Amino acid sequence: MSSLKDKLRTKIDPMRERVQSLIKEHGAKSISEVSIKQAYGGIRGVKALVTETSALDPYEGIRFRGYNLPQLREKLPKAEGGGEPLPEGIFYLILTGDIPTKDDVKEITQEWQKRGELPDYLIEILNSIPKDTHPMTQFSTGILSLQKDSVFAKKYAKGISKMELWDPMYEDVMNLLAKLPAIAAFIYRKIYKNDEPIPPDNSLDWGANFAHMIGIDKEEFKELMRLYLVLHSDHEGGNVSAHTTHLVGSALSDAYYALSAGMNGLAGPLHGLANQEALRWILKLMDELGGVPTKDQLKKYIWDTLNAGQVIPGFGHAVLRQTDPRYTAQREFALKHLPDDEIFQVVNSLYEIVPDILKEHGKAKNPWPNVDAHSGTLLYHYGVKEISFYTVFFGVSRAIGVLSSLIWDRALGLPIERPKSVTTDWIEEQVK
Ligand code: HAX
């Protein structure tokens, strides 16, 4: 057995005891109330989910197992000669709660290399999907197709104790994470690069190998991939991709069903697809305004977008009330590696201009940029110009967090999720 699985096993019993004693001693205590506005308004702010892997503060941003992004960029192991944290490290941290050593991370890299090969039937399925199908649809289909190999589903069918379900879930999660970069890269090369897949290079870590299979071997892009895959990995439990994965998993659907569903949620323009929308909007405005626009031109363009009843993609957030630290981390990367990039200059100007306009506009509760306002600029700079593919990068990363949570859901024996819904008639009765 791998030492990661061993380590996880030692964490599960104490955590079960903590949760059981909380439910036994304080189970009736209320931690949230729900107003009518919240019931109609996307359940915003209602504390009704428990997710261990990360927590989001409106002003400080995301903390993964208690660590913020600057701390993680310093503490997580890096590739030889590299400056950015390895995504294998964030997986270890999110799953176990502990900062990994270099050896811990190496073990995960090797484990994922062993499990990473794509079966022939998956290649056939992916090849049979029309090329003009959105890459996220192809990605979700690829994930779902692998369900036939679910260890969890097989063990469940044979009969397994509820308390042991985390073990086959762990196996499915490791198999899936191992394969996701190869699935994503296969789709990319199929659609955009003449059907010419690039085999993995097993001398590389997970993020660098992903960059390699996409077809960009530049060291800086590998660093970007590592950072990108860390930054997008988790954003507590209530966002659409995390919540969907958790919800579907709660029916004891396996990791393939659950992640595929979560990816379908990530594919929405108000969630992960905002990364493609943000860059598409920037490129369109540069095209219409003839290159890097003046601030006055930008102001007019932003107002025109708002007055047309559209959102400014990459700005606003359901929870955050400050600049997203994931935006800041990408900005720092850009300042270091591509300060003169023209699109980055526009992104910078938008950072100066959009928040004031959104405040004046008076609708968005958070006028600041989120993660999606910046990521496309970086990918585009290194040659990934196929904007429709951007959410797939997000998806590969997001799988780290939501799949880790799925293992914990089963370890803690969480039940099927089933909130109560009410009708407008019922609400009207209550307010009489
Ligand atoms: N531009 C224009 N209007 C905006 C806005 C923006 N960037 N952000 C919010 N608003 C509007 C909303 O559309 C809403 O208008 P209505 O009252 O007419 O419905 C109003 O302001 C209040 O919305 P809110 O409470 O501030 O925001 P929500 O919690 O409802 O939604 C969103 C949060 C992220 C979906 C929203 O800010 C948005 O649409 N942003 C643009 C799309 C985007 O960047 N999405 C990615 C978010 C990060 C993420 O999940 N990444 O995966």
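Computed over heavy atoms, backbone and side chain alike; hydrogens, waters and symmetry mates excluded. As the structure is a computational prediction, the values presented were derived from the model and not from experiment. In listed order, ligands and their atoms are each counted from 1.
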Quiz item: Tell me, which residues have any heavy atom less than 4.0 Å from some atom of ligand 1?
Solution: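 Contacts of ligand 1 under 4.0 Å: Arg44, Leu270, His271, Gly272, Ala274, Leu306, Val311, Ile312, Pro313, Gly314, Phe315, Gly316, His317, Ala318, Leu358, Lys363, Ala364, Lys365, Asn370, Asp372, Phe394.
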
Self-check item: Ser140 and Ser260 side chains, donor-acceptor separation under 3.5 Å
Solution: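 Side-chain D/A pair, Ser260 to Ser140: present.
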
Closest approach of [X] to [Y] (non-hydrogen atoms, all atoms of both residues):
X	Y	value
Met169	Leu406	CE-CG, 3.8 Å
Val392	Ala184	CG1-CB, 3.5 Å
Tyr92	Asp98	CD2-O, 3.3 Å

Practice problem: For Arg18, look at atom CZ and say whether over 12 heavy atoms of other residues, nucleotides or ligands are found less than 6.0 Å away. | Solution: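 At most 12 heavy atoms, drawn from other residues, nucleotides or ligands, come within 6.0 Å of this atom.
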
Exercise. Look at the aromatic rings of Phe393 and Phe210 and report parallel, tilted or perpendicular, splitting at 30° and 60°.
Key: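 Tilted, since the angle between the ring planes falls between 30° and 60°.
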
